[in-house]
Asker: 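So that we are looking at the same thing, I have put the structure below in structure tokens.
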Amino acid sequence: MTVKAYGAYAGNLPLESMDITRRVPGEHDVQIEIAYCGVCHSDIHTVRAEWAGTLYPCVPGHEIVGRVSAVGACVSGFKMGDLVGVGCIVDSCKHCEECDAGLENYCDHMVGTYNGPTKDAPGHTLGGYSQRIVVHERYVLRIRHPEAQLAAVAPLLCAGITTYSPLRHWKVGPGHTVGVVGIGGLGHMGIKLAHAMGAHVVAITTSESKREAALKLGANETVVSRNANEMASYAKRFDFILNTVAAPHDLDALFNLLKRDGTMALVGAPATPHPSPQVFNLITKRRSLAGSMIGGIPETQEMLDFCAQHGIVADIEMIRANEINTAYERMLKSDVRYRFVIDCGSLQAG
Ligand code: NAP
Ligand code: ZN
């Protein structure tokens, strides 16, 4: 079927309305009428070809929520009308060690919701800035939040799981002091989740204007990283730092904040590398530098259920699809509290 979408034909062109096709649902497929789609900084990196390998036309969007509008003959877990979500993964090999462990995000053949290989036209996947999507049921998530919160649930599908997974992996909880660096879409979810897990949370931001706001999100303290004296007063205080920053920056200033045996996990994925960290900043306190990418499907469902139980959703600013180019410019200025979400009903107008 043909549906309306918003995407770009080249990295140096703005996004515009376009028609795309979605496959007829196969036996194991779920067709979803998309209500809302969150806007992730990865969408910008991809559509503007800041990372290698963008295929055009590019329709971004991997924070998808909506209702099931059709199911294939063999689908048992979902029925018409169910509230569901789709995150960053729409396929994987389904039989490797990672897939067997429910870590499809680390499968060598993981297919991203956009810009991934597919037999469907045009030969690469097209994302959630669109009216409908068709996805194998294995990669469809159940939403248990009240329907009124649906738009604010959308960002959980990427920003939520990308911060939840490392917080769980490094066993963040009561008694831990956790720094969250970069208070954007990912960072604001990191604060909410680490707080709900019982940690003492410190927001580390470049934006003086976010100091008060971070406390409202659940941070216990805020540090403005441009202030060297303030940073120095937090030396050796942190057990774990979750770094969500989308641009290259000085990692050494952050290593100094870790205790002995502390870990900093990078989830931010800048287009150009960070300046190389000083080895002495790691070896003198047995500190670790790590990375983490989204999360597997079972953990994404666990995160959604955790958020439903704890009443956690994203703080969002709703936009129409034709406002996306302005939204990108504002994100690049760190001017969003804290996630743009596209009302996909607005795509109807073209
Ligand atoms: P975002 O909403 O734009 O937030 C990024 C935040 O980083 C900004 O709000 C700002 O926070 C801070 N920042 C920006 N430029 C900075 C600079 N030059 N120096 C220091 N801080 C700066 O982006 P997002 O959607 O949260 O995504 C963040 C990054 O994570 C992107 O690179 C994205 O591609 C990546 N990502 C990775 C995964 C994964 O699986 N690992 C998943 C999703 C996204 P302050 O104003 O508080 O300083
Ligand atoms: Zn994302």
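In listed order, ligands and their atoms are each counted from 1. Numbers for residues simply follow the sequence, beginning at 1.
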Asker: Kindly confirm or rule out a cation-pi arrangement of Arg168 over Phe306, judged by NZ or CZ under 6.0 Å from the six-membered ring centre and within 45° of its axis?
Answerer: yes
Asker: State whether a side-chain donor-acceptor pair under 3.5 Å links Tyr129 with Asp43.
Answerer: yes
Asker: Before giving the answer on side chain to side chain contact (heavy atoms under 4.5 Å, CB included), spell out for Lys4 and Asp19 the whole-Å C-alpha distance, their side-chain angles and the decisive distance to 0.1 Å.
Answerer: CA-CA 5 Å; Lys4 294 274 180 215; Asp19 290 333; 3.2 Å; yes
Asker: For the pair His176 and His200, evaluate ring-ring contact (aromatic ring centres under 6.0 Å, His included) and give the outcome as yes or no after the intermediate values.
Answerer: CA-CA 6 Å; His176 289 120; His200 182 90; over 10 Å; no
Asker: Should Thr118 and Arg23 be marked as a side chain to side chain donor-acceptor pair (under 3.5 Å) after you check the CA-CA gap, both sets of side-chain angles, and the distance that decides it?
Answerer: CA-CA 11 Å; Thr118 175; Arg23 67 174 180 261; 4.8 Å; no
Asker: Using the test side-chain contact (heavy atoms from CB on, under 4.5 Å), find all partners of Asp91 that sit at least two apart in sequence or belong to another chain.
Answerer: Lys94, Val111, Tyr139
Asker: Present, as a list of atom pairs with distances to 0.1 Å, all nitrogen or oxygen contacts under 3.5 Å between ligand 1 and the protein.
Answerer:
residue, atom, partner, partner atom, Å
ligand 1, 2 (O), Gly185, N, 2.8
ligand 1, 3 (O), His41, ND1, 2.7
ligand 1, 9 (O), Lys210, NZ, 3.3
ligand 1, 11 (O), Ile183, N, 3.2
ligand 1, 23 (O), His41, ND1, 3.4
ligand 1, 25 (O), His41, N, 2.9
ligand 1, 25 (O), Arg339, NH1, 2.6
ligand 1, 26 (O), Gly185, N, 3.4
ligand 1, 26 (O), Leu186, N, 2.8
ligand 1, 32 (O), His45, NE2, 2.9
ligand 1, 32 (O), Ala269, N, 3.0
ligand 1, 34 (O), Ser42, OG, 2.8
ligand 1, 34 (O), His45, NE2, 3.3
ligand 1, 40 (O), Ile294, N, 2.8
ligand 1, 41 (N), Val267, O, 2.9
ligand 1, 41 (N), Ser292, O, 3.0
ligand 1, 46 (O), Ser207, OG, 2.5
ligand 1, 46 (O), Lys210, NZ, 2.7
ligand 1, 47 (O), Ile183, N, 2.8
ligand 1, 47 (O), Thr205, OG1, 2.5
ligand 1, 48 (O), Thr206, N, 2.8
ligand 1, 48 (O), Thr206, OG1, 2.5

Asker: If you take all heavy atoms of Cys307 and Leu156, which pair is closest and at what distance?
Answerer: CB-CD1, 3.8 Å
Asker: Hey, could you give me each pair passing side-chain hydrogen bond (donor to acceptor under 3.5 Å, both in side chains) that has a residue in residues 65-75? Not counting sequence neighbours.
Answerer: Gln31-Ser69, Arg67-Glu147, Ser69-Arg132
Asker: For the Zn ion (ligand 2), which protein N/O/S atoms fall under 2.8 Å? Skip waters.
Answerer: Cys40 SG, His62 NE2, Cys158 SG
Asker: Strictly distance-based, threshold 3.5 Å: is any side-chain N or O of Arg144 a donor or acceptor partner for the main-chain N or O of Asp305?
Answerer: no
